[in-house]
Amino acid sequence: RCWMALSRETRSFTHVGERRLARITLLSWCPTMDLLAVATVENKLQLFRLSWQRVWEIKREHNITALVWRPDGKVLAVGWSNGDVTLHDVEGARTLRTTNYSDSISAMCWTQESAPSTEKSLGATLFERYRKHIDDLPPLPDSAETEFAATQREGGAVGIEFLQQPALSVLAVGTVKGWVHLSALGVSNIGAMQLDGSVTHVTVAADLGSFTACTTARATTVAMPLPRDHRDELKTVSALGGHLLTLFEYLSGTVTAMHAAWAGVRFDLDARLAEFATTHNVDLETEFMALLCQGRPSVELESFLARELPHKRLRPMGTAIDTAYAAIRNLVVRHFLVAARALGFHVNDLAGLAQWTDQFGASGLCRADLAACANVLGSALLKAEELLAVIDASWDGFKAFFGWLLRVVQQLEHEPAKGTPAGDHHKIADFIAKTSKQQGGNATAELVGQYFKPLPLHTQTPPSPWSAFASPTALGLAPDAYALLMRVVANGATGVTLEHLRSAEWASDAAGLADLREKGFIVENDSGALVLQETLFCRVLPLAVHLPPCSLQQLTDMLRTAVDRVVARLAAAGTESLRVDNHADLSWGEGARGDGVSAVASDTSAAVDRLAVCDGMHTVTLTGPDATLVFTRKVLDARFYGPEQLAVLLADPAGESVLALLPLAACTGHVTDAEHLAEAWRWLAASACIALSPGRKLGCVLAQDRKLVRLFDLAGEEDEEGGEGEGDAENEGGGEGEGEG
């Protein structure tokens, strides 16, 4: 049949609905559910059901430049003009992960391995252990003013569930500067390569053995030899690496919230006392100790208290400082320590896996980097415990001092006041002594506030609460067993097989090993392998670290560097294995320059990966098998419709469009009049692009004004609706509403 002679009265696809929305930039069908993701020029991302009921909507200040679904349809990846790629849970729009690639995102593809293992994965086992031993992270408070904290408060940024993914998947991200970034599970970078020109399309092969990127210059296939026998290992390491970053962001947000809680308190009391000491050239300790012992202040102090610290002003000061103490202590206990232990749990898992070189050697895990990360994390855990001791000591002394000072002021104002409780005099005297020794008398602020500054601590801190527990005597271990335990922890073997303890390298530690097994530090699992007792982790990790005189903020910054180095190793290992397959390099012809490419489509559902490239004019180039289709009309868009058909959207000179389905079996060699291959077609009003859902046999056609979306059943019979080529279809359907059903 000649396409030029196709009747305009014929409509092969059933028109099932339409909706007028704000101007649309992108459309993407969910591969497993009747859900359509829509991006608009207003930077809105909307998710609709087949009935046009809106499921959810999010909006950001940047433009949406790419959309792609995870193959299971449960996560939607969104590319933004600022370089962000966000992963959203389909059920509630939760932001599970945000990664920035510096350059504007121009293309994305998400492919899952075609034949995953049916056995229980290592990641699932680790997930069960994590859930058993680590508490859930509570939402960060509003004072943690970071994008991650806002996301986490909305229930997002969990990340640990990626360990349960049954198969390895790879998210490929292309940028306007020619970079292609590869991310395992969408959460952990495993490689990157820069090509010539801006990336307009990227696709990953079904076997995850290569990716093909189309730029403004050419289409290039790059081999990425992910080892087939160790993909479960790569999936596990990637999920753990991605969650490391999530947990660190939580830690960092917690420290930010601590700083905000402390900085939000106006330390008028300290400032006023310092001003009094400077103005009258007196020693604060002498003045207050005399008041404590004699019961009457000096003339200068009495005048100062009456003028600057009346009880109506003093009481709110005390309440604010008391609230700050409580808030910070809560952040340390409920947020920082929980996240730090979760982070350490993963670090030690990775450190143990790194020793399994035959299985994880190619993943990029570095024992030295993981050991350094564990040491910094251990120091941060100790520092947090130290901060708790400082808070408790300072808080107790402050409450005693402040209560006494308030009673003194009330007596000076001839107000009724209670007496000082028995035993508080020692606390008050100790607090006065500490206050007077700080620079400017700013003890209340500095004892706790110094922990949130990027500077070394400058005040004396109490002994570490771990010191008594960390000795061999406290643990009940002989010196050789204690030394062996330190070696085990330093090698990062927590919770992982320790068969090397039986090797010649560790033979001299036989007595220590026997002692550790007898005391229950090391046990034998069901497989007969020696493992370090998991429940001891939170007590064992800090034993092998040295606590430096750093603030908690400094240690957090050091931990950022250590975690970034661990994760960067994973990406570096993958990047080194990437190589361009020159035989698959396809340059654009002279008459079809890459800067004129209007659309690129890929299909990984068949045995052979296929690519369809529209040159912006009349030609569609197919790969796998190779073919060139030349149409008499301009090709606006082309998409694979399942493994057997190709859908094309053609522009007619009269201002109309045609949607046609072509059998791929007939698309071979060089076809000069490709319209005659059409099996089904339908004339439409002027259109811009199409989006297909092969599983549901549905297709969306976006009108030329990019506001009207028409929905068709591509397997349906011809309907009786009037022709769409007359332009009246654009006035049908809903108004400018948002689409709530």
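Because only heavy atoms are used, hydrogens play no part in the values below, and waters and symmetry mates are left out as well, while side chains stay in.
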*Are Cys667 and Leu629 close enough, and set up right, to give a side chain to side chain contact (heavy atoms under 4.5 Å, CB included), and what steps lead you there?*
CA-CA 7 Å; Cys667 299; Leu629 308 180; 3.8 Å; yes
*Output, in order, the C-alpha distance, side-chain angles, deciding distance and verdict of side chain to side chain contact (heavy atoms under 4.5 Å, CB included) for Asp713 and Phe13.*
CA-CA 6 Å; Asp713 179 358; Phe13 316 126; over 6 Å; no
_Determine whether Leu234 and Leu168 satisfy the following criterion, side chain to side chain contact (heavy atoms under 4.5 Å, CB included), listing intermediate values before the conclusion._
CA-CA 8 Å; Leu234 177 60; Leu168 176 64; 3.9 Å; yes
_What verdict does the side chain to side chain contact (heavy atoms under 4.5 Å, CB included) test give for Val199 and Lys177, after you've listed the backbone C-alpha separation in whole Å, the side-chain angles of each residue and the deciding distance to 0.1 Å?_
CA-CA 7 Å; Val199 178; Lys177 293 188 177 180; over 6 Å; no
*Derivation and outcome, side-chain hydrogen bond (donor to acceptor under 3.5 Å, both in side chains), residues Thr212 and Thr221*: CA-CA 4 Å; Thr212 298; Thr221 299; 3.0 Å; yes
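Using modelled atom types, no side-chain atom of Glu113 and backbone atom of Ala167 make a donor-acceptor pair closer than 3.5 Å. The closest donor-acceptor contact from the side chain of Thr25 to the backbone of Val41 lies at 3.5 Å or more, if one exists at all. Between the side chain of Thr200 and the backbone N or O of Cys214, at least one donor-acceptor pair lies under 3.5 Å. With hydrogens and angles disregarded, no donor-acceptor distance shorter than 3.5 Å links the side chain of Asn189 to the backbone of Gly191. Here the side chain of His618 pairs a donor or acceptor atom with the backbone of Arg633 at under 3.5 angstrom. A side-chain donor-acceptor contact under 3.5 Å links Ser183 to the backbone of Val187. One N or O on the side chain of Thr236 and one on the backbone of Asp232 form a donor-acceptor pair closer than 3.5 Å. With hydrogens and angles ignored, the 3.5 Å screen pairs a side-chain donor or acceptor of Ser12 with a backbone N or O of Trp681.
When only modelled atom types and interatomic distance are considered, Glu675 and Thr632 share a side-chain donor-acceptor pair under 3.5 Å. Judged by distance alone, the side chains of Ser169 and Trp110 do bring a donor and an acceptor atom under 3.5 Å apart.
Atoms OG1 and CD1, on Thr175 and Ile105 in that order, are 6.5 Å from each other to the nearest 0.5 Å. Distance check: Arg70 CZ to Asp89 CG gives 9.0 Å after rounding to the nearest 0.5 Å. Distance check: Glu249 CD to Arg97 CZ gives 7.5 Å after rounding to the nearest 0.5 Å. With values rounded to the nearest 0.5 angstrom, Arg23 atom CZ is found 16.0 Å from Lys44 atom NZ. How far CG of Leu650 is from CH2 of Trp683: 9.0 Å, rounded to the nearest 0.5 Å. Atom CG of Leu659 sits about 7.5 Å away from atom CZ of Phe712, to the nearest 0.5 Å.
Contact of the Lys74 side chain with the Glu91 side chain is not registered, since no non-hydrogen atoms from C-beta on lie closer than 4.5 Å. Residues Leu185 and Lys235 form a side-chain contact, since some pair of their non-hydrogen atoms from C-beta on lies under 4.5 Å apart. Within the 4.5 Å cutoff, the side chain of Val75 has no heavy atoms near those of the Trp69 side chain. With a 4.5 Å cut-off on side-chain heavy atoms, Phe211 and Thr111 do not count as touching. Taking the side chain as every heavy atom from C-beta outward, Val173 and Val202 never approach each other to under 4.5 Å. Here the side chains of Leu26 and Ile64 are in contact, with some heavy-atom distance below 4.5 Å. Side chains of Leu711 and Glu18 form no contact here, defined as non-hydrogen atoms less than 4.5 Å apart. Counting only heavy atoms from C-beta outward, the side chains of Val658 and Leu649 never approach each other to under 4.5 Å.
Annotation for Leu67 and Ser28: closest pair CB-CB, 4.1 Å, computed over non-hydrogen atoms. Nearest heavy atom pair, residue Ala612 against residue Leu646, reads CB-CD1, 4.3 Å. Taking each heavy atom of Ala77 and Met108 in turn, the nearest pair found is O-CE, 3.4 Å. Heavy-atom minimum distance, Ser238 versus Ser188: O-CB, 3.2 Å. When all heavy atoms of Ala691 and Trp29 are compared, the closest pair comes out as O-NE1, 3.3 Å. Leu636 and Ser687 get closest at one heavy-atom pair: CD1-O, 3.3 Å.
In summary, of the residues considered (Asp637, Leu27, Val38, Ile690), a side-chain contact (heavy atoms from CB on, under 4.5 Å) with Leu702 occurs for Leu27 alone. Test Leu35, Asp34, Leu36 against Arg49 for side-chain contact (heavy atoms from CB on, under 4.5 Å) and you get one pass: Leu35. Just one of Thr65, Asn100, Asn63, Thr86 meets the side chain to side chain donor-acceptor pair (under 3.5 Å) condition when paired with Trp80; it is Thr86.
Around CD of Gln194, the count of heavy atoms belonging to other residues, nucleotides or ligands within 6.0 Å exceeds 12.
Ion pairing of Asp652 with Lys634 is absent here, as no side-chain N (NZ or NE/NH1/NH2) approaches a carboxylate O to less than 4.0 Å. Taking the charged nitrogens against the carboxylate oxygens, Lys707 and Asp705 have no contact shorter than 4.0 Å, which rules out a salt bridge.
Ring centers of Tyr101 and His181: under 6.0 Å apart, within the cut-off.
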